[in-house]
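Below is one structure, written out as structure tokens, with a few remarks after it.
Computation of the quantities below employed the complete heavy-atom set of this structure, encompassing side-chain atoms and omitting hydrogens, waters and symmetry-equivalent molecules. Letters A, B, ... mirror the listed sequences (proteins, then strands); counts begin at 1.
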2 protein chains.
Amino acid sequence: MVVINGSLSNRINVLRAERNMTQKDLAEKIGVSRQTIISIEKGKYTPSLTLGFEIANAFELEITDVFQYKKMKEE
Amino acid sequence: MVVINGSLSNRINVLRAERNMTQKDLAEKIGVSRQTIISIEKGKYTPSLTLGFEIANAFELEITDVFQYKKMKEE
DNA sequence: AATTAAAGTAAAGTAAACTTGACATTAAGT
DNA sequence: ACTTAATGTCAAGTTTACTTTACTTTAATT
């Protein structure tokens, strides 16, 4: 059974922009490095679930308002 | 600044029970090892966001119906 | 044109997620 | 009492998230 992972996208970019928040601001608010924000924002890797919740909290949104997951086929 | 992480809990246990699903069933459905399910179910470590979504999908629930995150103080 | 803030890239290291395999325990069925 | 399915534990290994540092680029400001 080959499982093709679903794809994860996020709206951190626009959510920051709406709030005039820099990557540094967000990183410091959450307590992670700026690199981590950059990498997640650009989809370089997927965050842990707790970090996902933290980011949503920082924007005062639900986690599903920040991250979208689209399941793909498995065969 | 010391950040005390929020705590993550989950209802995988009861959701499986409601559906007569074994850990093995769930693991195979999602495409991870049984160890991974055990460890997440017992809170030994926190899953990735994508795995969180996959687990919620397996139960046909929202991610927040499976995982609860409680933020704690930072000082 | 020089300065500065914000965003991006890259690389090396550490911590944590996830796998694999082997074995122990508990509860249910025969 | 034996078997079997389900859960659990432990340990060692691989992969990936996350950190740190240092440097580049872009856009805005003076």
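- Rounded to a whole Å, the CD1 atom of A:I37 is 15 Å from the P atom of C:dA6.
- At a threshold of 4.0 angstrom between heavy atoms, the contacts of A:S48 are confined to the sugar-phosphate backbone, with no base atom among them.
- Side chains of B:Y45 and B:L8 form no contact here, defined as non-hydrogen atoms less than 4.5 Å apart.
- Remark: C1' of C:dA10 and OH of A:Y45 are 13 Å apart, rounded to the nearest angstrom.
- Within 4.0 Å of A:S33, counting heavy atoms only, lies at least one base atom of the nucleic acid.
- For B:I40 and C:dA16, the CD1 to C1' distance is 12 Å, given to the nearest whole Å.
- Taking side-chain N and O atoms only, A:R16 has a distance below 4.0 Å to OP1 or OP2 of C:dA7.
- A:I55 is not connected to A:I38 by any chain of hydrophobic side-chain contacts under 4.5 Å among Ile, Leu, Val, Met, Phe, Trp and Tyr, and they are in different clusters.
- The CG atom of A:N20 sits 14 Å away from the C1' atom of C:dA5 (whole-angstrom rounding).
- The phosphate of C:dA17 has OP1 or OP2 within less than 4.0 Å of a side-chain N or O from B:T46.
- With 3.5 Å as the limit, one finds no donor-acceptor pair spanning the side chains of B:S39 and B:T36.
- The distance from atom CD1 of A:I55 to atom C1' of D:dC18 is 12 Å, rounded to the nearest whole Å.
- Rounded to an integer number of Å, the gap from CZ of B:R34 to P of D:dA5 is 13 Å.
- With a 4.5 Å cut-off on side-chain heavy atoms, B:I40 and B:F67 count as touching.
- Taking atom CD on A:E28 and atom P on D:dT20, their separation rounds to 12 Å, with Å as the unit.
- Looking at which nucleotide of DNA chain D each of B:T22 and A:V32 is closest to, the 5′-most match is held by B:T22.
- At the phosphate of C:dG8, neither OP1 nor OP2 sits under 4.0 Å from any side-chain N or O atom of A:K44.
- Contact between the side-chain N/O atoms of B:Q35 and the OP1/OP2 oxygens of C:dT20 is not found at any separation under 4.0 Å.
- The CG atom of B:L8 sits 15 Å away from the P atom of C:dA16 (whole-angstrom rounding).
- In this structure, A:E54 pairs ionically with B:K71, as a charged nitrogen and a carboxylate oxygen lie closer than 4.0 Å.
- Of the candidates D:dC18, C:dC18, C:dA7, the closest approach to any side-chain atom of A:Q23 belongs to C:dA7.
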